[in-house]
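Notes follow the structure.
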Amino acid sequence: MNTPEELLKFMANFSYEWMDKEGIFHNEIIPDMYESYSLMSPEEVLKYKRGICMDQSEFERYWFEKFNLDFKVLKIELKRNDSAPGHIFVIYRKDNKWYWFENAWYDERGIHKYDTYEKLINDIKNKFSLCEKITKDEYSKITITEHPKYPFHLSYEEMDNYNFEKYKK
C-alpha cells in the first residue's frame, strides 16, 4: 500500500466494532462503553480488521506517518447536556489540495478532495450536522480540534483524564 487510494481499498472490509478491556468486540454502543472501551494499536486493527473511528484513525495515522505525508487527525464533536456525538478522521494535503480520508463513517467512505482547508471543514461540519440531526442553534457549538495521539488500550474515561504533560518523554 503506497498511496491513500490503496490504503482505502485495503480498509474497505474493516468492520465497525470496538474492543473492550477484556478483548471482546462489540458492534453496539453499550452503557459502560465509556469505561470499558480499549483503544487498539495499529497492529491490532490490522490483525482484527475492525475498529471504530478512533481505532481506524490511529491505524491511518500510523500509515500516513510512515509515508511522511502532510496530515492531521481531527475530531469533530458537539457537547450536549446528555451526549457528545463525535467522529475522528484523517485529512491530508497534497499538491495544494486538501483531502478527507474516510473509512469508518460508511456513508462518507472515500477520499474527498477540496480546494481549501475551509471548504473541507465546512463540508464535514455540514455532513456531521445532518447525520447527528444538529439544530441551527447547536451548529455554532460544533468543535473541530486536532486529535492527540494517546497510548493504546486506554478507555474513553482514561483519555478524558490523561495528562500529556506528565507523560512526555
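Predicted model, so just to flag it, every value in this text is computed and none were measured. One-based numbering along the sequence shown. Only heavy atoms go into these numbers, but all of them, side chains included; no hydrogens, no water, no symmetry mates.
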Task: Exercise: do E102 and H87 side chains pair donor with acceptor under 3.5 Å - done: yes
Task: Any side-chain heavy-atom pair of N68 and E65 under 4.5 Å - done: no
TODO: Please check if the side chain of D32 supplies one atom and the backbone of E35 the other of a donor-acceptor pair under 3.5 Å.
DONE: no
Task: Flag, side chain of D20 to backbone of E22, donor-acceptor distance under 3.5 Å - done: yes
Task: Test item: T145 and L74 side chains (from C-beta on) under 4.5 Å apart, heavy atoms - done: no
Open item on the list: Can you confirm whether or not the ring centre of F71 sits under 6.0 Å from the ring centre of F101?
Closed with: no
TODO: Check the angle between the aromatic planes of Y156 and Y34 and answer parallel, tilted or perpendicular using the 30° and 60° thresholds.
DONE: parallel
TODO: Classify the side-chain pair N27/Y16 by whether it contains a donor and acceptor separated by less than 3.5 Å.
DONE: no
Task: Heavy-atom closest pair, residues M19 and M40 - done: CE-CG, 3.5 Å
Task: Taking every non-hydrogen atom, the tightest pair across S38 and D55 - done: O-OD1, 4.1 Å
Task: Under 3.5 Å donor-acceptor, E17 side chain and R50 backbone - done: no
Open item on the list: Using a strict threshold of under 4.0 Å (side-chain N to carboxylate O), is an ion pair present between K141 and E138?
Closed with: no
- [ ] For residues R61 and V90, determine if any side-chain heavy atom of one lies less than 4.5 Å from a side-chain heavy atom of the other.
- [x] no
- [ ] Using modelled atom types only, decide if a donor and an acceptor are shared between the side chain of E44 and the backbone of S41 within a distance under 3.5 Å.
- [x] yes
Open item on the list: Strictly distance-based, threshold 3.5 Å: is any side-chain N or O of Y48 a donor or acceptor partner for the main-chain N or O of F14?
Closed with: no
Task: Pairwise side-chain contact, P42 with F152, heavy-atom cut-off 4.5 Å (strictly under) - done: yes
Task: Test item: N126 side-chain N/O and N122 main-chain N/O as donor-acceptor pair under 3.5 Å - done: yes
TODO: Take the angle between the ring planes of H26 and W18 and call it parallel below 30°, perpendicular above 60°, tilted in between.
DONE: parallel
Task: Cluster check Y37, V73: I/L/V/M/F/W/Y, side chain < 4.5 angstrom - done: yes
- [ ] Report yes if some heavy atom in the side chain of I91 is under 4.5 Å from a heavy atom in the side chain of Y114; otherwise report no.
- [x] no
Task: Nearest non-hydrogen partners of K125 and I76, listed with the distance - done: CA-CD1, 3.8 Å
TODO: Look at the side-chain heavy atoms of Ile, Leu, Val, Met, Phe, Trp and Tyr, link any pair under 4.5 Å apart, and say whether Y117 and I88 land in one connected group.
DONE: no
TODO: Examine distances only and state if a side-chain atom of W98 and a backbone atom of E118 form a donor-acceptor pair shorter than 3.5 Å.
DONE: no
TODO: Would you check if F59 and S57 make a side-chain contact, meaning some heavy-atom pair closer than 4.5 Å?
DONE: no
Open item on the list: Show, in sequence, the C-alpha distance, side-chain angles and deciding distance for W63 and L69, and conclude whether the side-chain contact (heavy atoms from CB on, under 4.5 Å) test is met.
Closed with: CA-CA 9 Å; W63 187 90; L69 297 171; 3.7 Å; yes
Open item on the list: For a quick test of reading the model, state the closest non-hydrogen atom pair linking K94 to Y99 and the distance between them.
Closed with: O-CE1, 3.7 Å
Open item on the list: Quick check on K21: does its NZ atom have over 12 non-hydrogen neighbours (other residues, nucleotides or ligands) under 6.0 Å away?
Closed with: yes
TODO: Specify the closest pair of heavy atoms between Y139 and I134, including all atoms of both residues, with the distance to one decimal.
DONE: N-CG2, 3.7 Å
Open item on the list: If you count heavy atoms of other groups shown closer than 6.0 angstrom to CG of D70, is the number above 12?
Closed with: yes
- [ ] For residues C53 and A104, report the shortest heavy-atom separation together with the two atoms involved.
- [x] CA-CB, 3.6 Å
Task: Same cluster (ILVMFWY, side-chain, under 4.5 Å), Y106 and V45 - done: yes
- [ ] Please check if the side chain of K75 supplies one atom and the backbone of M54 the other of a donor-acceptor pair under 3.5 Å.
- [x] no
Open item on the list: When you group the ILVMFWY residues by side-chain heavy-atom contacts below 4.5 Å and let the links chain together, are L8 and L46 in the same group?
Closed with: yes
Open item on the list: Please check: side-chain N/O of W100 versus main-chain N/O of G110, any donor-acceptor pairing under 3.5 Å?
Closed with: no
Task: Six-ring centre of Y92, K72 cation under 6.0 angstrom, axis tolerance 45° - done: no
Task: In one Ile/Leu/Val/Met/Phe/Trp/Tyr side-chain cluster, 4.5 Å: W105, F89 - done: yes
- [ ] Measure the shortest side-chain to side-chain distance between I111 and E5 over non-hydrogen atoms and say whether it is less than 4.5 angstrom.
- [x] yes
Task: Flag, side chain of N103 to backbone of M11, donor-acceptor distance under 3.5 Å - done: yes
Open item on the list: With a 4.0 Å cut-off on N to O distance, would you call D123 and K127 a salt bridge?
Closed with: yes
- [ ] Flag yes if more than 12 heavy atoms outside K9 fall under 6.0 Å of its NZ atom; otherwise flag no.
- [x] no
- [ ] Could you tell me whether the side chain of L7 reaches within less than 4.5 Å of the side chain of F64, counting heavy atoms only?
- [x] yes
Open item on the list: Check D115 with K97, please: is the shortest side-chain N to carboxylate O separation under 4.0 Å?
Closed with: yes
